[in-house]
Amino acid sequence: MASYDVRVRSDATPEQLFALLADAAGWSRWAGPLISHSSWVRDGDPAPGGVGAVRRVGSKLIATREEILEYDPPHYLAYTILSWQPIRDYRAIVSFDRDGDGTRITWAAAFEPMIPGTGRIYAWVLGKIVGGLAVRLGRFAAEQARGEK
């Protein structure tokens with residue numbers, strides 16, 4: 001198994017951060033250049049983004065489908081990747097913990113590389129991508145809370 005663990009601090013509350021993360025249709029507002037299109041493929045319980053929901057994030061041409069496995073607002077959300085990737089058994093959890101007057105975002109995942117010996121490089125690449133997402137999520141939520149967006 002390979003893994004990554006990204007931790008970022010935001011001035012936003014766990015509630016504000018969770019609301020943005022759990023809104024697949026709104027990811028394209030905050031997630032940056034790699035995610036220009038985002039939508040729900042299937043609603044979950046509770047609708048739309050609860051357990052069993054499937055979101056599509058990426059571009060209109062190339063996107064990843066992810067299924068929500070656990071949903072506990074505003075504390076954490078866990079998901080897996082359904083689209084083909086050079087990895088399997090991917091499971092990520094995004095958690096929000098109060099940190100003074102802000103929140104610590106932890107975005108961690110574990111997976112099995114399909115090609116032996118590639119786990120470290122995939123973990124590094126995914127950690128960089130997810131790290132960027134976590135920073136943008138935290139920044140956007142804090143700006144939105146201040147009324148800047």
Side-chain angles (χ1 to χ4, degrees), residues 1-60 62-114 119 122-123 125-147 149:
M1 291 295 278
S3 63
Y4 64 82
D5 186 327
V6 172
R7 294 167 193 258
V8 173
R9 189 180 182 291
S10 173
D11 290 336
T13 67
E15 292 80 7
Q16 293 162 332
L17 291 158
F18 189 94
L20 287 171
L21 182 75
D23 176 23
W27 275 47
S28 57
R29 290 179 25 230
W30 61 263
L34 293 178
I35 300 177
S36 59
H37 178 77
S38 57
S39 61
W40 290 112
V41 174
R42 178 178 73 207
D43 283 352
D45 182 25
V51 174
V54 175
R55 63 186 176 209
R56 184 178 186 277
V57 294
S59 70
K60 288 190 178 193
I62 301 171
T64 299
R65 289 179 312 113
E66 300 171 341
E67 181 176 4
I68 307 305
L69 302 174
E70 296 181 45
Y71 181 86
D72 183 17
H75 309 290
Y76 68 90
L77 183 143
Y79 67 96
T80 188
I81 295 176
L82 299 176
S83 304
W84 184 90
Q85 298 285 327
I87 58 176
R88 63 178 172 255
D89 300 327
Y90 181 93
R91 180 180 169 84
I93 187 163
V94 186
S95 62
F96 304 104
D97 298 296
R98 292 212 182 271
D99 181 17
D101 60 351
T103 302
R104 184 181 68 240
I105 303 167
T106 303
W107 199 320
F111 57 89
E112 188 71 37
M114 292 183 75
Y122 285 128
V125 169
L126 290 170
K128 290 293 183 188
I129 291 168
V130 166
L133 288 173
V135 166
R136 285 189 288 281
L137 172 65
R139 195 175 296 148
F140 186 88
E143 290 168 356
Q144 194 176 45
R146 288 191 301 266
K149 289 271 179 189

Taking side-chain contact (heavy atoms from CB on, under 4.5 Å) as the definition, give me every residue that meets it alongside [X], ordered by chain and number, with sequence neighbours left out.
X	result
Ser38	Trp27, Ser28, Ile35, Val57
His37	Ser39, Arg56, Lys60
Pro33	Arg136
Thr64	Glu66, Ile81, Ser83, Gln85

Do [X] and [Y] come close enough that some side-chain heavy atom pair is under 4.5 Å?
X	Y	result
Leu126	Ile87	yes
Trp30	Glu143	no
Ile105	Phe96	yes

Minimum heavy-atom distance between [X] and [Y], given as atom pair plus value:
X	Y	answer
Thr103	Thr13	OG1-C, 3.3 Å
Trp40	Ala22	CZ2-O, 3.1 Å
Tyr4	Ala92	OH-CB, 4.5 Å

Item to complete: Kindly write out the residues that satisfy salt bridge (charged side-chain N to carboxylate O under 4.0 Å, His left out) with Glu70, not counting sequence neighbours, or none if the list is empty.
Response: Arg91
Worksheet entry | Those residues that, when tested against Arg88, pass salt bridge (charged side-chain N to carboxylate O under 4.0 Å, His left out) (two or more places apart) | none
Of all residues at least two apart in sequence or in a different chain, which pass the ring pair (Phe, Tyr, Trp, His ring centres under 6.0 Å) check with [X]?
X	result
Phe111	none
Tyr79	Tyr90
Tyr122	none

Worksheet, complete the sentence: Contacts of Arg65 meeting side-chain hydrogen bond (donor to acceptor under 3.5 Å, both in side chains) (sequence neighbours excluded), chain-then-number -> none
Rounded to the nearest 0.5 Å, how far apart are [atom1] of [X] and [atom2] of [Y]?
X	Y	atom1	atom2	answer
Glu15	His75	CD	NE2	8.0 Å
Leu17	Phe140	CG	CZ	11.5 Å
Thr106	Tyr76	OG1	OH	14.0 Å
Ile68	Leu77	CD1	CG	4.5 Å

Solution key, residues 42-53 side-chain donor-acceptor pairs under 3.5 Å, sequence neighbours excluded:
{"from": "Arg42", "atom 1": "NE", "to": "Gly52", "atom 2": "O", "distance (Å)": "2.8"}
{"from": "Arg42", "atom 1": "NH2", "to": "Gly52", "atom 2": "O", "distance (Å)": "2.8"}
{"from": "Arg42", "atom 1": "NH2", "to": "Glu67", "atom 2": "OE2", "distance (Å)": "3.3"}

Between side-chain atoms of residues 5-12 and protein atoms elsewhere (two or more places apart, or another chain), which donor-acceptor pairs fall under 3.5 Å?
{"from": "Asp5", "atom 1": "OD1", "to": "Arg7", "atom 2": "NE", "distance (Å)": "3.1"}
{"from": "Asp5", "atom 1": "OD2", "to": "Arg7", "atom 2": "NH2", "distance (Å)": "3.1"}
{"from": "Arg9", "atom 1": "NE", "to": "Asp99", "atom 2": "OD2", "distance (Å)": "3.1"}
{"from": "Arg9", "atom 1": "NH1", "to": "Asp11", "atom 2": "OD1", "distance (Å)": "3.0"}
{"from": "Arg9", "atom 1": "NH2", "to": "Asp99", "atom 2": "O", "distance (Å)": "2.9"}
{"from": "Arg9", "atom 1": "NH2", "to": "Asp101", "atom 2": "OD1", "distance (Å)": "3.0"}
{"from": "Ser10", "atom 1": "OG", "to": "Ala12", "atom 2": "N", "distance (Å)": "3.0"}
{"from": "Ser10", "atom 1": "OG", "to": "Gly138", "atom 2": "O", "distance (Å)": "2.9"}

